[in-house]
Amino acid sequence: MQIVVGMGERGLVRLVDPELPDEPVREIALDAFADAVRDLEPSRPRWVWVDTRAWYPRLLAAGVRVDRCHDLRLCGAILDHSTATASARGAGGHPRPGWLPAGPAETDAASQADTGARVAVHSTLFDFDAEEAGESTVTGAAATLTDRLLQELRRQEALVAESSAPGALRLLLAAESAGALIGAEMHAAGLPWDRAVHERVLEVELGARPAPGWKPSRMEELAGRVRRELGVASVNLDSQAELLRALRLSGIQVDSTARWELREHDHAAIEPLIAYKKLARLMSANGWAWLDEWVVDGRFRPEYVPGGTATGRWATSGGGALQLPKNVRAAVVADPGWTLVVADAAQLEPRVLAGMARDEAMAAAGRGRDFYLGLVDAGVVATRDEAKYAILGAMYGATTGESGRLVPRLASAFPRGMALVDRAAAEGERGGSVTTLLGRSSPFPSAQWRAVQARASEPDATAADERRARSSARDWGRFTRNFVVQGSAAEWSLCWMAGLRMRLDVIASTVSSATPAAGASGPVFDRAPHLVYFLHDEIIVHTPREVADEVAAAVETAAQAAGTLLFGDFPVEFPLDLAIVESYAMADA
DNA sequence: CGGCGCGGCGCC
DNA sequence: AAAGGGCGCCGCGCCG
């Protein structure tokens with residue numbers, strides 16, 4: 001059963017069964033929304049709404065979770081660009097309605113190139129529903145909004161049904177929508193954060209917290225050493241321009257102040273300068289100001305943006321949640337009586353590539369062991385490090401250097417895997433779109449990119465024009481090469497996480513005497529194990545100690561289930577590095 | 001003054 | 001050690 005959620009007249013929330021559209025299941029005030037959902041949830045409906053971010057936080061605040069949903073905005077963004085729906089959308093079939101808000105990674109350029117549709121760029125949050133409801137009142141047309149939602153749901157269902165891969169797309173839309181629920185839940189739950197531990201890290205690295213406008217003592221010391229070694233009385237190390245000038249005056253011939261370039265030079269100023277930059281980064285990205293802004297009541301609550309990147313990987317907004325430096329992860333500490341289950345998928349991307357390409361030899365290299373060691377055992381390369389660089393090079397499109405040199409060896413060992421990424425690169429170089437395992441397609445290159453290509457094929461094109469075109473074609477080819485692997489790996493991760501979420505709910509019903517979480521997790525999360533962090537191929541579950549082993553087993557089971565969902569009985573394995581630890585830093589072993 | 005591009009760097 | 005993909009955030013410095 002599905003229930004469509006939208007704003008009706010007079011600010012009332014309408015809940016409508018698409019099978020019986022004329023009579024709403026409920027028509028209620030916003031205040032009564034959470035109670036209505038709590039009532040209806042036991043029959044396990046799929047909640048259909050425009051935007052999970054608009055509705056779900058309100059439910060979570062009231063202590064209500066839902067099992068599943070269909071996020072029309074996120075699913076529309078996938079369907080309106082997928083090559084799998086291209087023929088269904090051909091000749092103006094199933095046009096996207098102008099009111100449907102743009103997806104998080106949709107740009108006007110990408111959307112227009114593909115569908116010709118105009119992507120609405122108005123506010124996409126709760127205002128959207130309210131605004132539309134207001135409109136329907138003005139025109140006097142009753143329930144216009146929910147009619148629109150029903151129509152959009154049917155449009156999306158039709159696109160799936162008429163697509164070249166209905167099964168894969170259904171799975172992708174379910175996984176994407178589950179991701180939207182999980183993102184909202186992780187924000188509500190928060191990542192348990194020990195302020196005192198973080199402050200200790202800062203004090204050890206930087207020194208005592210300075211007064212506002214001052215720098216920590218360790219940074220001042222290092223800055224003094226750099227100035228002495230450069231022989232300049234004053235240079236602001238935070239100014240790239242000033243620093244570059246000072247370096248060159250001291251005879252250090254660099255073109256940038258990037259660490260990798262500085263390291264090439266042998267000069268007494270380099271070591272303290274690199275150390276300074278490291279501390280400056282810690283200070284500005286995750287220093288005391290960050291703690292004050294982002295850690296409240298023992299929880300770090302970033303805003304997750306499911307589907308926030310072109311490949312389907314998530315983004316975050318605010319707090320830099322996906323860039324937590326390793327040295328502050330010690331501050332991620334479980335509540336008393338609780339623990340963390342930390343797991344990441346080992347060498348996920350090459351394994352996903354093996355499965356997609358149905359490359360038996362590649363799958364075998366990773367079976368029962370570290371994938372990179374498998375390459376060494378198979379005699380493809382000599383060392384694990386070489387294996388890593390070779391694989392990285394294959395998936396990112398390296399052509400030069402050590403990495404590029406190793407790629408041909410992979411091509412002979414794993415012809416099917418390499419052929420898949422090579423085809424993706426070739427498609428990108430032509431300006432085409434490539435598609436992940438489940439059906440998310442890459443955006444088309446910009447008009448400017450196409451203009452550069454067109455210029456090179458004009459009769460009076462210069463050698464420089466041709467060079468420029470070739471170079472930008474290869475750039476885009478590297479993007480599409482990586483897109484299919486990164487995007488399909490993101491799909492594996494979504495399936496893993498969605499399956500885990502289901503299994504955690506089962507475990508939750510067995511928790512008897514857990515100490516309620518000390519932090520401000522809210523009523524939904526204070527007794528049950530729940531996801532608190534997701535980083536592309538890595539998850540953290542915060543769980544009462546008494547069920548930690550069951551949670552760890554569920555994490556494993558969910559990983560194997562995700563492999564089967566995506567690749568059936570093709571023998572590719574997805575081993576995890578898993579640890580049950582008090583602190584995130586302890587998972588790194 | 002705010003907006004924005006850029007260099008630099010953290011993560012995968 | 002290795003130079004290829006995806007991001008977000010910071011400070012700086014320029015611009016209107």
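Numbers restart at 1 for each chain; the letters A, B, ... are given by sequence-line order, proteins then strands.
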Classify the nucleic acid contact of Phe479(A) as base, sugar-phosphate or nothing, counting any heavy atom under 4.0 Å across all strands shown. sugar-phosphate
Between CG of Leu279(A) and P of dC9(B) the distance, given in whole Å, is 13 Å
Reckon Arg478(A) touches a base, only the sugar-phosphate, or nothing at all at heavy-atom distances under 4.0 Å? sugar-phosphate
Are there over 12 heavy-atom neighbours, none belonging to Arg195(A), within less than 6.0 Å of that residue's CZ? yes
Would you say Thr316(A) reaches dC7(C)'s phosphate, i.e. side-chain N/O to OP1/OP2 under 4.0 Å? no
Whole-Å distance between dC6(B) C1' and Leu243(A) CG? 15 Å
Taking any heavy-atom pair under 4.0 Å as a contact, classify Thr399(A): base, sugar-phosphate, or nothing. nothing
Does the dC7(C) base have a donor-acceptor partner in the side chain of Arg313(A) within less than 3.5 Å? no
Indicate yes or no: does Arg313(A) engage Glu349(A) in a salt bridge with an N to O separation below 4.0 Å. yes
Salt bridge present between Arg245(A) and Glu242(A) (N-O < 4.0 angstrom): no
Is any side-chain nitrogen or oxygen of Thr311(A) closer than 4.0 Å to OP1 or OP2 of dC7(C)? no
Map Arg281(A) and Ser239(A) onto DNA chain C by nearest heavy atom, then report which one ends up closer to the 5' terminus. Arg281(A)
Answer with base, sugar-phosphate or nothing: what part of the nucleic acid does Arg263(A) contact at a heavy-atom distance below 4.0 Å? nothing
Quick one: is Lys278(A) getting a side-chain N or O under 4.0 Å of the dG10(B) phosphate, OP1 or OP2? yes
From CG of Asp422(A) across to P of dG4(C) the rounded distance in Å is 17 Å
Would you say whether Tyr396(A) stacks on dG5(C)? The test is a distance between ring centres of less than 5.5 Å and an angle between planes of less than 30°. yes
Quick one, Glu229(A) with Arg225(A), criterion salt bridge (Lys or Arg N to Asp or Glu O under 4.0 Å). Give me CA distance, side-chain angles, the key distance, then yes/no. CA-CA 6 Å; Glu229(A) 297 296 349; Arg225(A) 275 180 61 199; 5.7 Å; no
If you look at every strand shown and take non-hydrogen atoms under 4.0 Å, does Asp344(A) touch a base, only sugar-phosphate, or nothing? nothing
Side chain of Gln323(A) - closest among dG4(C), dC12(B), dG10(B): dG10(B)
Touch check for Gly318(A), heavy atoms < 4.0 angstrom, all strands: base, sugar-phosphate only, or nothing? sugar-phosphate
Would you please confirm or rule out a distance under 4.0 Å between OP1 or OP2 of dG10(B) and any side-chain N or O of Lys326(A)? no
Rounded to the nearest Å, what distance is computed from the CG atom of residue Leu535(A) to the C1' atom of nucleotide dG10(B)? 11 Å
Anything under 30° is parallel, anything over 60° is perpendicular, the rest tilted; go ahead and classify Tyr304(A) against Tyr533(A). perpendicular
Closest to the Thr400(A) side chain, choosing from dG10(B), dA3(C), dC7(C): dA3(C)
Report yes if at least one side-chain N or O of Thr257(A) is closer than 4.0 Å to OP1 or OP2 of dG8(B); otherwise report no. yes
Which one, dG4(C), dC7(C), dC12(B), comes nearest to the side chain of His536(A)? dC12(B)
Between CG of Asp238(A) and P of dG13(C) the distance, given in whole Å, is 9 Å
With sugar-phosphate meaning primed atoms plus P, OP1 and OP2, does Gln240(A) contact a base, only sugar-phosphate, or nothing at under 4.0 Å between heavy atoms? sugar-phosphate
Report the nucleotide, chosen from dG8(B), dC10(C), dA2(C), that has the shortest atom-to-atom distance to any side-chain atom of Glu264(A). dA2(C)
So that I can tick it off, tell me whether Arg53(A) and Asp51(A) are bridged by a salt bridge, with the cut-off set at under 4.0 angstrom between side-chain N and carboxylate O. yes
Which nucleotide, dC12(B), dG8(C), dC12(C), lies nearest any side-chain atom of Arg329(A)? dC12(B)
note: Glu491(A), atom CD; dG6(C), atom C1'; distance rounded to Å ~ 15 Å
Do you know which of Val555(A), Val341(A), Val541(A) makes side chain to side chain contact (heavy atoms under 4.5 Å, CB included) with Leu504(A)? Val541(A)
Rounded to whole Å, please give me the gap between CZ in Arg481(A) and P in dG5(C). 11 Å
When all nucleic acid strands are considered with a 4.0 Å heavy-atom cut-off, which category describes Ala310(A): base, sugar-phosphate, or nothing? sugar-phosphate
Once you round it to whole Å, what is the distance between C1' of dG8(B) and CG of Leu262(A)? 11 Å
